[in-house]
Novice: 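Sharing a structure, written as structure tokens. Questions coming.
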Amino acid sequence: MIPSSRGGPKEVYRNPYMVVRHDVTRKLLIVTRTSVSYPSIETLRDTFVEMETAIGYVSRPRTMLLIDARPAPPRNDPDFEAEFGRLRKHFLREFQKIATLVQTAVGILQVTRQVRADERPTGVFTDPSEALAYLGVVLEPERIDVRG
């Protein structure tokens with residue numbers, strides 16, 4: 001089901017860990033990581049499978065992707081990072097342009113390291129206005145934030 005974009009991004013998927021919204025008019029997919037920690041690698045895998053299903057209708061080559069990782073809890077155990085990297089690389093495939101929002105300079109360093117591993121050009125920002133400008137999307141920055 002393709003959501004209507006009247007009024008901006010519409011939610012197409014939500015679980016305790018991720019919220020995905022799509023703005024059809026602006027050709028923008030917003031993926032927001034919540035502050036809830038994944039209890040297991042299996043839950044992480046399930047989340048990515050479910051997100052893929054939810055956005056199956058999206059034409060990635062015609063869509064910009066904005067990842068809002070600002071609420072994400074820190075996690076850097078090697079097994080989790082390896083699986084997250086594999087899932088992330090697959091998820092990011094074919095999007096026209098990608099921007100990631102992080103909270104801190106440490107977040108910028110971590111995502112920049114991931115971007116090199118993904119071999120996908122990705123803008124990394126702490127300012128939502130800069131991320132939107134990078135993507136060439138006109139949207140009020142506060143519309144990025146997930147409510148509820």
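Since the structure is predicted, the reported quantities are computational estimates derived from the model, not experimental observations.
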Novice: Is there a side-chain contact between E81 and D77 in this structure, where contact means two heavy atoms from C-beta onward sitting under 4.5 Å apart?
Specialist: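 No, side chains not in contact.
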Novice: Step by step, work out the side-chain contact (heavy atoms from CB on, under 4.5 Å) result for D46 and L44.
Specialist: CA-CA 5 Å; D46 291 346; L44 173 71; over 6 Å; no
Novice: Start with the C-alpha distance between L29 and L66, add both sets of side-chain angles, then the distance that settles side-chain contact (heavy atoms from CB on, under 4.5 Å), and finish with yes or no.
Specialist: CA-CA 6 Å; L29 192 73; L66 176 62; over 6 Å; no
Novice: Could you measure the distance from the OH atom of Y38 to the CZ atom of F84? Nearest 0.5 Å is fine.
Specialist: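 Rounded to the nearest 0.5 Å, the OH-CZ separation comes to 7.0 Å.
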Novice: Tell me whether the count of non-hydrogen atoms from other residues, nucleotides or ligands lying under 6.0 Å of NZ in K97 goes above 12.
Specialist: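 For K97, atom NZ is crowded (more than 12 foreign heavy atoms under 6.0 Å).
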Novice: Test your reading of the model: is there a side-chain donor-acceptor pair from R75 to the backbone of F80, 3.5 Å cut-off?
Specialist: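 Answer holds: no.
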Novice: Taking all heavy atoms of Q96 and all of P61, pick out the closest pair and write down the distance.
Specialist: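 Nearest pair, atom of Q96 first, then P61: CB-O, 3.3 Å.
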Novice: Return the CZ to CE distance between R14 and M51, rounded to the nearest 0.5 Å.
Specialist: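 Rounded to the nearest 0.5 Å, the CZ-CE separation comes out at 13.5 Å.
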Novice: Which atoms form the tightest heavy-atom contact between P128 and P141, and what is the distance?
Specialist: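 Closest heavy-atom pair between P128 and P141: CB-CB, 3.9 Å.
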Novice: Following the transitive rule for hydrophobic clusters with a side-chain heavy-atom cut-off under 4.5 Å over Ile, Leu, Val, Met, Phe, Trp and Tyr, establish whether V49 and Y57 coincide in one cluster.
Specialist: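 In one cluster: no.
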Novice: Who passes side chain to side chain donor-acceptor pair (under 3.5 Å) against E130, sequence neighbours left out?
Specialist: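 Partners of E130 under the side chain to side chain donor-acceptor pair (under 3.5 Å) test: none.
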Novice: So which heavy atom on P73 is nearest to which on T34, and how close?
Specialist: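 Looks like CD-O, 3.6 Å.
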Novice: State which residues pass side chain to side chain contact (heavy atoms under 4.5 Å, CB included) with N15; sequence neighbours excluded, sorted by chain then number.
Specialist: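 Testing N15 for side chain to side chain contact (heavy atoms under 4.5 Å, CB included), a comparison that skips the adjacent residues, returns Y13, Y17, M18, T47, E50.
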Novice: In chain order, what residues pass the salt bridge (charged side-chain N to carboxylate O under 4.0 Å, His left out) check against E83, with sequence neighbours excluded?
Specialist: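 Residues passing salt bridge (charged side-chain N to carboxylate O under 4.0 Å, His left out) with E83: R45, R86.
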Novice: Have a look at V12 and tell me which of I55, V19, I30 forms a side-chain contact (heavy atoms from CB on, under 4.5 Å) with it.
Specialist: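 That would be I55; it is the only one of I55, V19, I30 passing the side-chain contact (heavy atoms from CB on, under 4.5 Å) with V12.
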Novice: Among residues at least two apart in sequence or on other chains, which ones pass ring-ring contact (aromatic ring centres under 6.0 Å, His included) with F125?
Specialist: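 Partners of F125 under the ring-ring contact (aromatic ring centres under 6.0 Å, His included) test: Y134.
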Novice: Before you tell me yes or no, could you show the steps for T32 and R21 under side-chain contact (heavy atoms from CB on, under 4.5 Å), namely the whole-Å CA-CA distance, both residues' side-chain angles and the distance that decides it to 0.1 Å?
Specialist: CA-CA 8 Å; T32 303; R21 292 171 300 142; 4.1 Å; yes
Novice: Looking at CZ of F95 and CG of L28, how far apart are the two atoms once the value is rounded to the nearest 0.5 Å?
Specialist: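 Output value for this atom pair is 10.0 Å.
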Novice: So, for D127 and S129, which heavy atoms are closest and what is the spacing to 0.1 Å?
Specialist: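 Taking D127 first and S129 second, the nearest heavy atoms are OD1-N, 2.7 Å.
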Novice: Scan residues 58-69 for pairs that pass side chain to side chain donor-acceptor pair (under 3.5 Å), counting only residues two or more places apart or in two chains.
Specialist: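 Only E52-R60, D68-R70 qualify under side chain to side chain donor-acceptor pair (under 3.5 Å).
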Novice: Nearest 0.5 Å, what's the CG-NZ distance between L65 and K27?
Specialist: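 Nearest 0.5 Å value for the CG-NZ distance: 16.0 Å.
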Novice: Evaluate the criterion side-chain contact (heavy atoms from CB on, under 4.5 Å) for residue pair F91 and L87; output intermediate values, then yes/no.
Specialist: CA-CA 6 Å; F91 186 81; L87 294 165; over 6 Å; no
Novice: Might you point out which heavy atoms bring T100 and A69 nearest each other, and give the distance in Å?
Specialist: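 In terms of heavy atoms, the two residues are closest at CG2-CB, 4.4 Å.
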Novice: Do T126 and L101 come close enough that some side-chain heavy atom pair is under 4.5 Å?
Specialist: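 When only atoms from C-beta onward are counted, L101 and T126 do not touch, as no gap falls below 4.5 Å.
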Novice: Mind listing the closest non-hydrogen atom pair of D23 and L139 along with its distance?
Specialist: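 Scanning both residues, the minimum pair turns out to be OD2-CD1, 4.4 Å.
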Novice: Kindly write out the residues that satisfy side chain to side chain contact (heavy atoms under 4.5 Å, CB included) with T104, not counting sequence neighbours, or none if the list is empty.
Specialist: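 In terms of side chain to side chain contact (heavy atoms under 4.5 Å, CB included), with neighbours along the sequence ignored, T104 is linked to V106.
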